[in-house]
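What follows is a single structure, written as structure tokens, with notes after it.
When a residue number appears, it is its place in the shown sequence, counting from 1.
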Amino acid sequence: MSETAKIILGEKEYELPVITGSGGEKAIDITKLRDLTGHITMDIGYKNTGVTTSAITFLDGELGILRHRGYAIEDLTEKASFLEVAYLLLHGDLPNKAQFHEFDEDVREHTLVNEGLEGMFKAFPTGSHPMGQLSSMITALSLFYPKSLNPNRPEDAVNRTVLRLLAKMPTICAMIYKKRNGHPIIYPKNNLDYVTNYLNMTFGQVSMDHYHPDPVVVDAMNKLLILHADHEQNCSTSTIRMVGSSQANLYSSIGAGINALWGQLHGGANQQVLEMLEVIRQDGGDVKKWIIKAKDKNDNFRLMGFGHRVYKNFDPRAKIIKKTCDDVLNKLGVYDPVLEIAKKLEEAALTDPYFVERKLYPNVDFYSGIIYRAMGFPTDFFTVLFALGRLPGWISQWQEMRKQKQPIARPRQIYIGEKPRKFKFMQDRD
Ligand code: ACO
């Protein structure tokens, strides 16, 4: 017999179904709770609320496990390319040679963006944050493809939108980089693979045939993008599913996700980590002083890149990134003093009872920024790279939400404001 949960309210007892996931996690299904009892549940920040079933990503925060479609993140980063992982997330399985060839060709076909999009840069003030530019431009894509405004088109039409977005994202990210540096845009070269093409559009120059990135950089970029490719129902992904549930189009749903990612408690943390490490370095590098500040409840300072809503043991992505960071800096011969500070901070925090008791470990953002900086990216561009990596996950989640025919997301609340009162005209008010 399937498991159920009982809830007792006053004299009455109600039985609710229990859902069990393929990884053994359990949820009490409260879909009918209000109809049955007149009560809703309260869970501020959704710390305990499952909003969907999903077949994309499995995550066990206690054991530090992350799998996409059943494949361990450690295997994917070691053995697959980013585009292969994108295929896996979107289609549910790894592609064979022919499937990958077709997918890769389709993506290459769509890398150019409408020249009209470049006009947007005239409107952005000099020095504007790249994440604001990115979300505006991705949302603007919907205006260039008006048919995409309807997310209920036949599957092959929706898939074309998916391919377009996947193909144009690196071009747009690179355009933002070039424009903020006042450099001419480099057009995509479709004989290059996804990651090399992106690096060429970013670091190549018009005068060059094409830029030849160090294979270590290409490999690290592939790994970093894979490590960010999906992370189940986090803040930005949930935003996308929520926006998409109103049947908003894919471009604007992803634009909303980019805005959610921008916040410093989410993807924006990678920029904050580097800025924090720089401040500590310029302050003399006294790690202990900053650990004390992070623990002080009267001080707003938090150790950026530490802690995670779900990982309460370690973030498996952080382990891989730490190693990649050492590899990249060693092979490129880059000495970055903030790496020493990061390692000392990690060491100090991991032995400090405050962090141990609260299960606060380095997350994916702690070391990624140091690698991006060694590659030549400016600090405020780091979150754009996070978005580039997260894109296939976001699209897969949006697709899954559509196919599950989820109803519009509309949480409830408990009102704690004024009781009904009589309106008084202004002249009668005290
Ligand atoms: N530094 C110091 N103390 C911290 C930190 C930190 N980085 N993170 C959590 N804590 C403390 C909190 O003050 C709280 O202490 P208390 O119980 O004494 O009040 C306790 O640990 C639990 O923290 P919450 O904020 O309740 O945990 P929550 O799950 O809501 O937040 C979050 C998780 C937002 C990631 C948090 O750990 C944080 O702010 N980290 C820094 C920002 C960061 O690195 N974000 C990136 C996350 S990964 C990603 O989005 C890709």
Side-chain angles (χ1 to χ4, degrees), residues 56-57 66-113 134 138 141 156 158-174 186-204 210-231 237 250 254 317 320-321 324 368 371-372 375 384-400:
I56 301 171
T57 290
L66 174 62
R67 293 185 205 122
H68 298 313
R69 305 284 193 187
Y71 294 101
I73 189 68
E74 291 80 5
D75 273 347
L76 294 173
T77 41
E78 212 40 60
K79 298 167 187 164
S81 70
F82 175 62
L83 210 56
E84 248 179 294
V85 174
Y87 184 101
L88 170 71
L89 289 168
L90 289 165
H91 296 281
D93 220 335
L94 284 168
N96 62 28
K97 246 184 172 171
Q99 288 164 330
F100 183 73
H101 181 73
E102 191 185 338
F103 180 64
D104 190 19
E105 285 295 303
D106 285 345
V107 171
R108 286 173 202 244
E109 195 181 303
H110 291 290
T111 51
L112 279 169
V113 297
L134 183 63
I138 294 299
L141 281 180
D156 59 337
V158 176
N159 284 338
R160 221 171 16 258
T161 302
V162 167
L163 287 169
R164 274 203 183 105
L165 181 50
L166 209 53
K168 292 177 199 318
M169 179 82 162
T171 313
I172 290 173
C173 292
I186 304 286
Y187 281 63
K189 277 191 189 306
N190 292 339
N191 57 330
L192 301 177
D193 66 82
Y194 193 85
V195 168
T196 312
N197 204 0
Y198 169 63
L199 291 170
N200 182 53
M201 288 187 283
T202 304
F203 296 121
H210 84 82
Y211 151 86
H212 295 278
D214 191 312
V216 173
V217 171
V218 178
D219 181 58
M221 186 55 95
N222 255 300
K223 282 199 169 74
L224 283 161
L225 295 179
I226 294 170
L227 285 171
H228 288 89
D230 191 55
H231 213 229
T237 304
L250 177 62
I254 299 293
R317 302 168 301 172
I320 300 169
I321 284 192
T324 309
S368 60
I371 312 179
Y372 294 141
M375 288 175 175
V384 167
L385 298 165
F386 191 146
L388 181 60
R390 183 55 56 87
L391 184 68
W394 280 339
I395 302 174
S396 313
Q397 299 272 354
W398 183 87
Q399 286 275 54
E400 187 177 69

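More than 12 heavy-atom neighbours from other residues, nucleotides or ligands sit within 6.0 angstrom of CZ on F100. In the displayed structure, H101 atom NE2 is contacted under 6.0 Å by at most 12 heavy atoms of other residues, nucleotides or ligands.
Taking CD of E400 as the reference point, atom OG1 of T57 lies at 9.0 Å (rounded to 0.5 Å). Here the straight-line distance linking atom CG of L225 with atom OG1 of T77 works out to 12.0 Å at 0.5 Å rounding. Between the CZ atom of R390 and the CG atom of L89 there is a distance of 10.0 Å, given to the nearest 0.5 Å. Once rounded to the nearest 0.5 Å, the distance linking NE2 of H68 with CG of L76 reads 6.5 Å. Summarising the geometry, atom CG belonging to L88 is positioned 8.5 Å from atom OG belonging to S396; distances are rounded to the nearest 0.5 Å. Within the model, atoms NZ of K223 and CD1 of I320 stand 9.0 Å from one another, a figure rounded to the nearest 0.5 Å.
Across all their heavy atoms, D230 and G393 have their closest contact at OD1-CA, 3.3 Å. Closest approach of I186 to M201, counting heavy atoms only: O-CG, 3.5 Å. Residues K168 and L112 approach most closely at NZ-O, 2.6 Å, considering heavy atoms. For the pair L66 and H231, the tightest heavy-atom approach, listed with the atom from each and the gap, is CD1-CD2, 3.7 Å. Considering every non-hydrogen atom in both A220 and T324, the closest pair reads CB-CG2, 3.9 Å. Here the closest heavy-atom approach between residue L227 and residue R317 is recorded as O-CD, 3.3 Å.
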side-chain contact (heavy atoms from CB on, under 4.5 Å) for I73 and I226? Distances and angles first, verdict last. CA-CA 8 Å; I73 189 68; I226 294 170; 4.1 Å; yes
Does the side-chain contact (heavy atoms from CB on, under 4.5 Å) test come out yes or no for H110 and L166, once each step is laid out? CA-CA 9 Å; H110 291 290; L166 209 53; over 6 Å; no
Mind running side-chain contact (heavy atoms from CB on, under 4.5 Å) on L83 and D104 for me, showing each step along the way? CA-CA 8 Å; L83 210 56; D104 190 19; 3.3 Å; yes
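In this structure, the side chains of L141 and R164 stay at 4.5 Å or more apart for every pair of heavy atoms. Between L94 and Q99 the shortest side-chain heavy-atom distance does not fall below 4.5 Å.
A side-chain contact (heavy atoms from CB on, under 4.5 Å) with V217 holds for exactly one of I371, V195, L199, T196; it is L199. For the side-chain contact (heavy atoms from CB on, under 4.5 Å) criterion with M375, the lone passing option out of D214, L224, L385 is L224. When the options F82, Y71, Y194, F103 are evaluated for a ring-ring contact (aromatic ring centres under 6.0 Å, His included) with Y87, the one that passes is F103.
For the pair R108 (side chain) and A167 (backbone), a donor-acceptor distance under 3.5 Å is absent. For the pair T111 (side chain) and P188 (backbone), a donor-acceptor distance under 3.5 Å is absent. Looking at Q397, its side chain never comes within 3.5 Å of a backbone N or O of W394 through a donor-acceptor pair.
Sorted by first and then second residue, the pairs that involve residues 71-97 and meet salt bridge (charged side-chain N to carboxylate O under 4.0 Å, His left out), not counting sequence neighbours, are D75-K79.
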